[in-house]
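Chain letters run A, B, ... following the sequence lines, proteins first, then strands; residues in each count from 1. Source: prediction; values computed, not measured.
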Amino acid sequence: MRPPAQVGDLATVLAGPVDVAARALLGCRVAVGDVEVRLTEVEAYAGVGADPASHAHRGRTPRNAPMFGPPGQLYVYFGYGMHWCGNVVTGPPGQAAAVLLRAGEIVAGHGAVRRRRGLRVPDRDLARGPARLMAALGLDGTANGTSVLDGTGPLSLTPSPVPIPAGAVRTGPRVGVGAASHTPWRFWLAGEPTVSAYRRAAPRPRGGRTGAPNVSG
DNA sequence: GATGCGATTCACT
DNA sequence: GTGAATCGCATCG
């Protein structure tokens, strides 16, 4: 077993395998302006031809172009006609792997976040879910393609101030992904209330099977 | 050139 | 627990 990577190696880790990078991102902090969030849940997506669930699976397109860039770059996409979701590109340039930032805990800037997300929203829901996380940070498509490492972009990624025990990391199927649901590339921190609940991919109208037992707990 | 669907969220029952 | 809202992108003709 190799010891957990240290924080200074963040750029190095992001340049490596996407699942390793995803795990390393747990506990890291993402900051935009005065708002700071501790990541508690992420998902890994591989690149061309390697992962049917990845936006880059079928090759380079105008939308997923940032995924083909260097690691540490932000890939922001617009989904369902109303939500922005953010990824951090990993692996060598051209591989098009990325880590989806799914959820986090607000550690600074509560006021600004709550103002944006709503005064009646419980703390743990402020950044629970990929679109909510982006909304909490105040990010949208303008952040697409910017770096999270060199400070040139709106979002800055910094290592976890404390080491994350290997036992604190849980894995499971990715949320809302039909393809490759057997791949346990969702990573989250055990016991964190800010982690989103597991939801199966959108139900398909065809087929007679109902109520199939699924992953739980 | 037209159509289908998505790495989701919110409101309502 | 279920359904609706809504835009761009990718695919097919």
Legend entry - Under 4.0 angstrom between A:Arg132 side-chain N/O and B:dC10 OP1 or OP2: yes
Legend entry - Side-chain heavy-atom pair A:Leu100, A:Pro130 within 4.5 angstrom cut-off: yes
Legend entry - Phosphate-side-chain proximity, A:Arg120 and B:dC10, N/O vs OP1/OP2 below 4.0 Å: no
Inset, instruction - Report the distance from atom CZ of A:Arg58 to atom C1' of B:dC5, rounded to the nearest whole Å. - result: 13 Å
Inset, instruction - Figure out the CZ/P separation between A:Arg128 and B:dT8, and round it to whole Å. - result: 14 Å
Inset, instruction - Calculate the interatomic distance between A:Leu126 atom CG and B:dT9 atom C1'; express it in whole Å. - result: 15 Å
Legend entry - Criterion salt bridge (charged side-chain N to carboxylate O under 4.0 Å, His left out) against A:Glu41, the qualifying member of A:Arg102, A:Arg128, A:Arg124: A:Arg102
Inset, instruction - Kindly say whether the aromatic ring centers of A:His55 and A:Tyr45 come within a distance under 6.0 Å. - result: no
Inset, instruction - Calculate the interatomic distance between A:Met67 atom CE and C:dC9 atom C1'; express it in whole Å. - result: 14 Å
Legend entry - Aromatic ring of A:Tyr45 stacked on base six-ring of B:dA7, 5.5 Å, 30°: yes
Inset, instruction - Round to a whole Å and report the spacing from OH of A:Tyr80 to C1' of B:dG6. - result: 5 Å
Legend entry - Separation of atom CG in A:Leu101 from atom C1' in B:dA7, rounded to whole Å: 12 Å
Legend entry - Nearest-angstrom distance from the residue atom CH2 of A:Trp188 to P of B:dA7: 19 Å
Legend entry - Stacked pair A:Phe78-C:dG8, distance under 5.5 Å, angle under 30°: no
Inset, instruction - Report yes if at least one side-chain N or O of A:Arg63 is closer than 4.0 Å to OP1 or OP2 of B:dG6; otherwise report no. - result: no
Inset, instruction - Give one of base, sugar-phosphate or nothing for A:Ala131, where a contact means two heavy atoms less than 4.0 Å apart. - result: sugar-phosphate
Legend entry - A:Arg120 with A:Asp125: basic N within carboxylate O range, under 4.0 Å: no
Legend entry - Nucleotide pairing, DNA chain C (Watson-Crick or G-U, distances under 3.5 Å), in dot-bracket with [ ] and |: |||||.||||||.
Legend entry - Nearest-Å distance for atom pair CE/P, residues A:Met134 and B:dT8: 14 Å
Legend entry - Carboxylate-amine/guanidinium proximity below 4.0 Å for A:Glu36 and A:Arg29: yes
Inset, instruction - For the residue pair A:Thr146 and A:Thr152, establish whether any side-chain heavy-atom pair is separated by less than 4.5 Å. - result: no
Inset, instruction - Report yes if a side-chain nitrogen or oxygen of A:His55 is closer than 4.0 Å to either non-bridging phosphate oxygen (OP1 or OP2) of B:dA7; otherwise report no. - result: yes
Legend entry - Heavy-atom side-chain contact between A:Asn64 and A:Tyr75 under 4.5 Å: yes
Legend entry - Nearest listed nucleotide, side chain of A:Arg117, among B:dC10, B:dA7, B:dT9: B:dC10
